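Here is the naming used below: chain letters follow the sequence lines, and residue numbers restart at 1 for every chain. Because the structure is predicted, anything quoted here is derived from the model rather than measured.
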Number of protein chains: 2
Amino acid sequence: MAKAKKPDRRVQRTRQLLQDALLAMVIEKGYDATTVQDIIDRANVGRATFYAHFPDKQTLLTSRLEDLRGLLTERRRQAPGPLGFSLAMLEHARSHLPLYRAIVGRESGAFIVQRIHRTIADLAELDLKALGFKGAPEQRRLAVEFLAGAFMAVLTWWLDEGATLPPEEIDGIVRRLVMQGLAIKLA
Amino acid sequence: MAKAKKPDRRVQRTRQLLQDALLAMVIEKGYDATTVQDIIDRANVGRATFYAHFPDKQTLLTSRLEDLRGLLTERRRQAPGPLGFSLAMLEHARSHLPLYRAIVGRESGAFIVQRIHRTIADLAELDLKALGFKGAPEQRRLAVEFLAGAFMAVLTWWLDEGATLPPEEIDGIVRRLVMQGLAIKLA
DNA sequence: CCGTACATGAACACGATGTTCAGTAATAGA
DNA sequence: TCTATTACTGAACATCGTGTTCATGTACGG
């Protein structure tokens with residue numbers, strides 16, 4: 001373990017200001033449309049200061065996304081079992097609706113969506129492993145992508161509809177679809 | 001029907017050049033990284049000319065994507081039944097691998113992915129309607145998003161892996177997942 | 001052959017990026 | 001409290017992409 005010296009108070013403050021400003025701007029104009037200029041204006045921070053902390057917009061966002069990953073992993077620990085993150089994420093999304101819509105909704109940029117997809121896929125893979133999913137690793141990977149993609153799409157749709165349906169209902173439907181499929185005879 | 005006067009030969013030529021140049025650049029550097037400058041350089045076309053035809057990069061791409069939509073709809077007509085587009089798309093993707101990877105793979109921009117997702121979702125909705133899917137329209141929509149998201153994710157993964165597995169196998173697995181789900185007891 | 005529609009390319013204003021640097025302030029540690 | 005260190009500032013700068021304009025040249029259709 002590297003000795004993690006507690007960072008200078010100014011550093012903490014600046015990073016916090018920048019992260020908060022980014023989220024506020026993303027909600028306001030979307031990720032792609034948000035410029036570094038917007039962020040530093042909102043945060044009241046010098047231009048040079050931004051680049052002293054983060055090489056670009058993307059890295060700044062990534063630093064913030066670690067929190068979400070942590071939260072989901074934690075919830076998964078609390079509520080074990082496959083798709084343990086599902087309900088947790090749906091509820092978390094609803095209580096941060098504007099942010100989620102900006103990040104994972106129809107208007108968001110590609111980069112963020114991919115990151116979140118990866119997070120979900122990783123969690124799902126843990127689930128499948130724990131269940132002793134039979135089949136080649138390749139098949140497991142395919143199933144994991146299937147699951148993550150499906151979940152992301154449902155989440156996106158739900159958010160874009162205003163997240164009116166209760167999380168429990170969405171969670172239930174997703175589970176049923178994942179479990180039994182459409183339960184329709186396909187060709 | 002509007003009388004579709006056949007366009008000036010120069011117009012056809014210019015539009016073709018621009019579309020081809022865009023695809024070439026997307027394969028080379030990805031959609032986001034491709035600039036209008038790149039496109040007109042590659043196409044050997046004046047800057048003003050570009051903007052005389054398309055307001056921006058996005059519209060140029062959209063004009064091209066109509067072709068794919070047409071092709072998928074056509075294939076669906078030929079091979080009716082749910083998920084009729086699945087195998088067709090997988091095969092089409094494999095025979096245009098670099099382009100597909102650039103467009104729908106991990107490196108692509110958000111805009112294109114959303115467009116393709118929409119195309120697939122629309123096709124899937126036709127399938128479900130034809131099958132007499134029971135349940136509220138809202139539930140059907142959710143199922144459609146689920147299906148499209150899952151398919152897109154699998155396609156993305158497959159492409160990023162180099163599309164080594166045969167399309168028929170992927171198609172079969174996707175069908176099974178959609179039909180029966182993971183066939184695992186979930187909590 | 002001629003009038004029209006299109007292509008050209010250069011110039012322009014604008015805005016965003018990322019870097020540099022000298023000056024100033026806040027901080028941690030003694 | 002004092003001091004060396006570290007961080008922030010703000011302005012300037014080069015670079016690049018965008019989208020518009022316009023006068024000029026040229027290929028097209030009829």
Could you check how far CD of B:Gln37 sits from C1' of C:dA10, rounded to whole Å? 12 Å

Applying a strict under-4.5 Å side-chain criterion to I, L, V, M, F, W and Y, I'd like to know whether B:Leu22 and B:Val11 cluster together. no

B:Tyr31 versus B:Gln58, closest heavy-atom pair with distance: OH-CA, 3.3 Å

Take B:Thr156 and A:Glu145, measure what side chain to side chain donor-acceptor pair (under 3.5 Å) needs, and give me the verdict at the end. CA-CA 9 Å; B:Thr156 301; A:Glu145 295 298 326; over 6 Å; no

Between atom CD in A:Gln12 and atom P in C:dA26, what is the gap in whole Å? 17 Å

Heavy-atom pair with the smallest gap, counting every atom of A:Ala143 and A:Leu128: CB-CD1, 4.1 Å

Can you find a donor-acceptor N/O pair under 3.5 angstrom joining the side chain of B:Arg10 to the base of D:dA27? yes

Near DNA chain D, counting only heavy atoms under 4.0 Å, which residues of residues 14-22 of chain B show up? none

Steps toward side chain to side chain donor-acceptor pair (under 3.5 Å) verdict (B:Asp38, B:Thr35): CA-CA 5 Å; B:Asp38 292 329; B:Thr35 71; 3.2 Å; yes

B:Asp8 CG to C:dA7 P: how many Å, rounded? 7 Å

With B:Phe151, which of B:Leu123, B:Val174, B:Ile116 fulfils side chain to side chain contact (heavy atoms under 4.5 Å, CB included)? B:Val174

Residue pair B:Trp158 / B:Arg94: nearest heavy atoms and the distance that separates them: CH2-CB, 3.9 Å

Measure CG/B:Asp32 against P/D:dG17 and give the value in whole Å, please. 14 Å

Among A:Arg15, A:Gln19, A:His53, find the one that has a side chain to side chain donor-acceptor pair (under 3.5 Å) with A:Ser63. A:Gln19

Starting at NZ of A:Lys57 and ending at C1' of C:dG18, how long is that distance when rounded to a whole Å? 14 Å

Phosphate contact (C:dA28 OP1 or OP2) by A:Arg9 side-chain N/O below 4.0 Å: yes

Is there a residue in residues 39-56 of chain B whose heavy atoms reach under 4.0 Å of DNA chain D, and which residues are they? B:Arg47, B:Ala48, B:Tyr51

